[in-house]
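Scroll down for the structure; my scribbles are underneath it.
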Amino acid sequence: MGVPTRDELPDVVRDVCGSHLALLDERVPGLVDGLYLHGSLGFDGEFHGGSDIDFVAVTSRRPTQVETDALRGIHAEIDKRWPEPHHDGFYVTADDLAGSPDVVPDGPGVLHQWFDVGTHCDVKHITWRELRDHGITLRGKDLRDLMIWSDDAALHASTRENLDTFWRSQLEAMEHHPREASLPQAAEWGALGAPRLVHLLVTGRPTSKSGAGRWAREAYPHHREIVEEGLRVRERPDDPSTYAADPDRRRRDLIAFMTEVIADGVAVPGPAER
């Protein structure tokens with residue numbers, strides 16, 4: 001199917017985003033020129049029970065304090081209407097998207113119902129690339145006609161750094177919190193999230209979490225069971241788990257898999273190193 005159109009999106013996604021747009025028009029008219037989605041939704045419309053709705057709003061100007069307060073109220077109302085799925089994203093200008101995410105100034109955004117003004121976690125190279133190649137236009141200039149900055153070497157470097165810092169720290173945390181690391185949700189998060197980055201480093205192309213799982217199933221056949229567990233939790237949560245009788249084995253398998261995947265990803269040479 002490729003990148004879905006607005007009409008092809010799941011009902012809940014259209015409802016949440018439709019309310020977002022209506023509230024923007026009512027409370028901050030003229031501020032937002034465009035609203036776009038990125039993340040797994042852009043890959044054949046992939047959306048599962050634990051998925052978030054990741055947005056980027058393009059503004060006509062930097063929001064004033066009054067407008068920022070209005071945005072805070074808008075997202076509080078959206079969160080009240082739809083506690084799930086999380087509607088996460090940030091507000092930038094078209095000029096921001098035309099340049100490197102590394103120099104985007106602090107701005108308003110929301111993550112897991114927490115609205116603030118600052119540097120948001122999705123203001124990064126992979127978001128720019130997903131918007132360019134797999135983004136969904138809900139309002140404004142079509143993403144294919146919007147200037148979006150892109151640099152393969154910078155994307156590779158930032159992805160490798162993410163693996164070597166954030167993902168390594170998460171792996172260490174799993175060692176110290178065995179109960180949480182033994183849960184099914186941990187398998188979905190780690191067994192699909194970490195290889196998603198490695199897939200990008202190896203192939204040069206972004207993919208969804210499920211796409212990363214299908215890739216990892218072939219790339220790491222000796223870790224197939226934990227990858228299948230991650231896919232099961234994401235796509236078929238009512239199916240029985242092969243780890244039901246021994247969740248601690250799930251944790252051990254997950255840690256072993258993530259350790260190998262992170263090491264492999266960090267070792268992938270960048271474009272200038274090949």
Side-chain angles (χ1 to χ4, degrees), residues 38-40 43 52 54 88 90 99-104 106 109 111-112 118-134 149-178 180-183 185-224 226-227 229-231 234 250-274:
H38 67 98
S40 289
F43 298 85
D52 298 329
D54 298 310
D88 297 335
F90 54 89
S100 168
D102 293 337
V103 297
V104 173
D106 289 353
L111 177 66
H112 294 176
T119 301
H120 292 277
C121 63
D122 277 344
V123 178
K124 56 188 178 184
H125 295 271
I126 185 57
T127 300
W128 268 229
R129 182 60 60 89
E130 285 182 352
L131 283 173
R132 191 194 75 172
D133 295 346
H134 299 275
W149 185 89
S150 181
D151 182 280
D152 289 342
L155 175 62
H156 187 100
S158 66
T159 303
R160 191 163 60 180
E161 181 185 21
N162 194 352
L163 273 174
D164 204 24
T165 55
F166 173 79
W167 281 95
R168 280 199 196 277
S169 69
Q170 295 304 300
L171 186 58
E172 293 172 3
M174 292 170 71
E175 297 274 10
H176 297 292
H177 301 281
E180 290 81 359
S182 300
L183 296 173
Q185 293 80 1
E188 177 195 7
W189 174 78
L192 305 183
R196 189 179 188 183
L197 275 69
V198 180
H199 173 277
L200 173 62
L201 291 168
V202 171
T203 69
R205 301 186 307 273
T207 189
S208 64
K209 285 185 178 179
S210 290
R214 291 188 288 271
W215 173 80
R217 213 164 40 188
E218 304 304 319
Y220 296 89
H222 50 299
H223 290 296
R224 187 182 182 94
I226 191 62
V227 176
E229 176 72 350
L231 288 168
R234 181 169 178 79
R250 175 168 49 215
R251 177 186 65 85
R252 295 194 302 270
D253 286 358
L254 178 60
I255 289 175
F257 175 53
M258 289 178 62
T259 299
E260 182 173 344
V261 165
I262 291 170
D264 285 352
V266 171
V268 176
E273 302 167 319
R274 297 171 188 170

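These numbers come from the heavy atoms of this one structure, side chains and all, not from hydrogens, waters or symmetry mates. The structure presented is a predicted model; accordingly, all values stated were derived computationally and were not measured.
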- Message: With side chain to side chain contact (heavy atoms under 4.5 Å, CB included) as the criterion, how do Leu163 and Leu201 come out once you've worked through the C-alpha distance, each side chain's angles and the decisive distance to 0.1 Å?
- Response: CA-CA 10 Å; Leu163 273 174; Leu201 291 168; 3.5 Å; yes

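- The line from OG1 of Thr165 to CD of Gln170 is 10.0 Å long, rounded to the nearest 0.5 Å.
- Side-chain contact between Glu180 and Met174 is absent, with no heavy-atom pair separated by less than 4.5 Å.
- Using a cutoff of 4.0 Å between basic side-chain nitrogens and carboxylate oxygens, Arg129 and Asp151 are not scored as salt-bridged.
- Going from atom CG of Leu111 over to atom SG of Cys121 covers 4.5 Å, rounded to the nearest 0.5 Å.
- Partner of Thr207 under the side-chain contact (heavy atoms from CB on, under 4.5 Å) criterion, out of Arg196, Glu130, Arg214: Arg196 alone.
- Partner Lys124 forms a side-chain contact (heavy atoms from CB on, under 4.5 Å) with one of Asn162, Val104, Leu155 and no other, that one being Asn162.
- Contact record, Arg234 with Ser40: NH2-OG, 3.6 Å, taken as the closest heavy-atom pair.
- His112 approaches Asp52 most closely through the heavy-atom pair NE2-OD2, 3.6 Å.
- Contacts of Phe257 classified as ring-ring contact (aromatic ring centres under 6.0 Å, His included), with partners at least two apart in sequence or in another chain: Tyr220, His223.
- Contact record, Ile126 with Pro206: CD1-CB, 3.8 Å, taken as the closest heavy-atom pair.
- Side-chain N/O atoms of Ser182 and Arg250 include no donor and acceptor closer than 3.5 Å.
- The backbone N or O of Arg205 lies less than 3.5 Å from a partner atom in the side chain of His199, making a donor-acceptor pair.
- With contacts defined as side-chain heavy-atom distances shorter than 4.5 Å, the pair Thr127/Pro101 does not qualify.
- In this structure, CZ on Phe90 lies 12.5 Å from CG on Asp106, to the nearest 0.5 angstrom.
- For residues 166-177, the pairs satisfying salt bridge (Lys or Arg N to Asp or Glu O under 4.0 Å) are Asp164-Arg168, with sequence neighbours left out.
- Here Trp149 and His125 bring their ring centres to under 6.0 angstrom of each other.
- The CG atom of Asp253 sits 14.5 Å away from the CZ atom of Arg224 when rounded to the nearest 0.5 Å.
- When all heavy atoms of Leu192 and Ala212 are compared, the closest pair comes out as O-CB, 3.6 Å.
- In terms of heavy-atom proximity, Gly99 sits nearest to Trp128 at O-NE1, 3.0 Å.
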- side chain to side chain contact (heavy atoms under 4.5 Å, CB included) between Val198 and Val202, worked out: CA-CA 6 Å; Val198 180; Val202 171; 4.0 Å; yes

- Message: Test side chain to side chain contact (heavy atoms under 4.5 Å, CB included) on Asp122 and His120; report intermediate values, then the result.
- Response: CA-CA 6 Å; Asp122 277 344; His120 292 277; 5.7 Å; no

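- Atom CD1 of residue Ile262 and atom CG of residue Leu171 lie 5.0 Å apart, to the nearest 0.5 angstrom.
- Atom-to-atom distance recorded for Thr159:OG1 and Leu197:CG is 5.5 Å, nearest 0.5 angstrom.
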- Message: Assess the residue pair Val268 and His156 against the criterion (side chain to side chain contact (heavy atoms under 4.5 Å, CB included)); give the C-alpha distance rounded to whole Å, side-chain angles, the decisive distance to 0.1 Å, and a yes or no.
- Response: CA-CA 9 Å; Val268 176; His156 187 100; 3.6 Å; yes

